[in-house]
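For reference, the structure is listed below as structure tokens.
Bear in mind the structure is a predicted one, so any value in this text is a computation, not a measurement. This chain uses plain numbering: 1 for the first residue, then up along the sequence.
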Amino acid sequence: MASAAISRGEILYLYRSLLRTARQFCDYNIREYTKRRTIDAFRQNQNLTDSLAISAAYSDGKTQLDVAKRQAVVYSLYAPTIKSVMEAKSI
């Protein structure tokens, strides 16, 4: 995709997809880490202007999305039976 410019819509779609995938993790710590990592990476790259750098960051994001989707499936197979303290409802 280095030859074609990546639109703002495609970047926002990738961002939302990464956050949606983060919500699929059963474990609180993994879910929050994935969400935080996504937000931090997009903030770090928000000022990129070079089309090659934007394309490389977008490609890296797509790779991270694929990894996160696979990991969400694997983690769901071995989901913890008890909730984290952070997820427990207070009485």
Side-chain angles (χ1 to χ4, degrees):
M1 262 191 143
S3 63
I6 298 168
S7 71
R8 185 175 191 270
E10 290 174 307
I11 293 169
L12 289 174
Y13 181 77
L14 176 63
Y15 179 72
R16 286 188 216 109
S17 295
L18 282 161
L19 291 178
R20 255 186 252 115
T21 302
R23 283 187 291 198
Q24 294 175 358
F25 285 99
C26 300
D27 187 289
Y28 172 82
N29 293 320
I30 303 297
R31 185 172 55 244
E32 290 301 311
Y33 171 77
T34 306
K35 187 171 101 176
R36 186 175 61 246
R37 177 70 180 96
T38 298
I39 293 168
D40 290 347
F42 274 80
R43 280 189 183 146
Q44 178 183 357
N45 293 324
Q46 74 181 358
N47 294 324
L48 292 179
T49 56
D50 180 32
S51 62
L52 289 176
I54 292 170
S55 183
Y58 182 78
S59 178
D60 183 49
K62 293 286 278 184
T63 303
Q64 293 300 321
L65 178 60
D66 292 339
V67 169
K69 284 182 178 180
R70 284 193 306 269
Q71 286 303 109
V73 171
V74 170
Y75 275 92
S76 71
L77 296 174
Y78 303 102
T81 55
I82 56 173
K83 295 271 187 191
S84 168
V85 173
M86 298 299 290
E87 295 175 308
K89 292 182 180 178
S90 58
I91 299 176

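- Distance check, rounded to the nearest 0.5 Å: OH of Y58 to OG of S7 gives 7.5 Å.
- Between A57 and N45, the shortest heavy-atom distance links the atoms CB-ND2, 3.9 Å.
- Screening residues 36-53 for salt bridge (Lys or Arg N to Asp or Glu O under 4.0 Å), with sequence neighbours left out, gives no hits.
- Residues Q71 and F25 are in side-chain contact: their nearest non-hydrogen atoms beyond the backbone lie under 4.5 Å apart.
- A donor-acceptor pair under 3.5 Å is absent between the side-chain atoms of R23 and the main chain of R31, judged by distance alone.
- Of all heavy-atom pairs spanning S76 and V73, the tightest one is OG-O, 2.6 Å.
- No single ILVMFWY cluster, assembled from side-chain heavy atoms under 4.5 Å apart, contains both I30 and L65.
- From L52, atom CG reaches atom OG of S59 across 12.0 Å, with rounding to the nearest 0.5 Å.
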Please tabulate, for side-chain N and O atoms in residues 15-22, each donor-acceptor pair with protein atoms closer than 3.5 Å (sequence neighbours left out).
{"residue": "S17", "atom": "OG", "partner": "Y13", "partner atom": "O", "Å": "2.8"}
{"residue": "T21", "atom": "OG1", "partner": "S17", "partner atom": "O", "Å": "2.8"}

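- Atom CZ of F42 sits about 7.5 Å away from atom CD1 of I11, to the nearest 0.5 Å.
- A chain of hydrophobic side-chain contacts below 4.5 Å, direct or via other Ile, Leu, Val, Met, Phe, Trp or Tyr residues, connects L48 to I6.
- Here the CD atom belonging to E10 is positioned 12.0 Å from the CD1 atom belonging to I54, to the nearest 0.5 angstrom.
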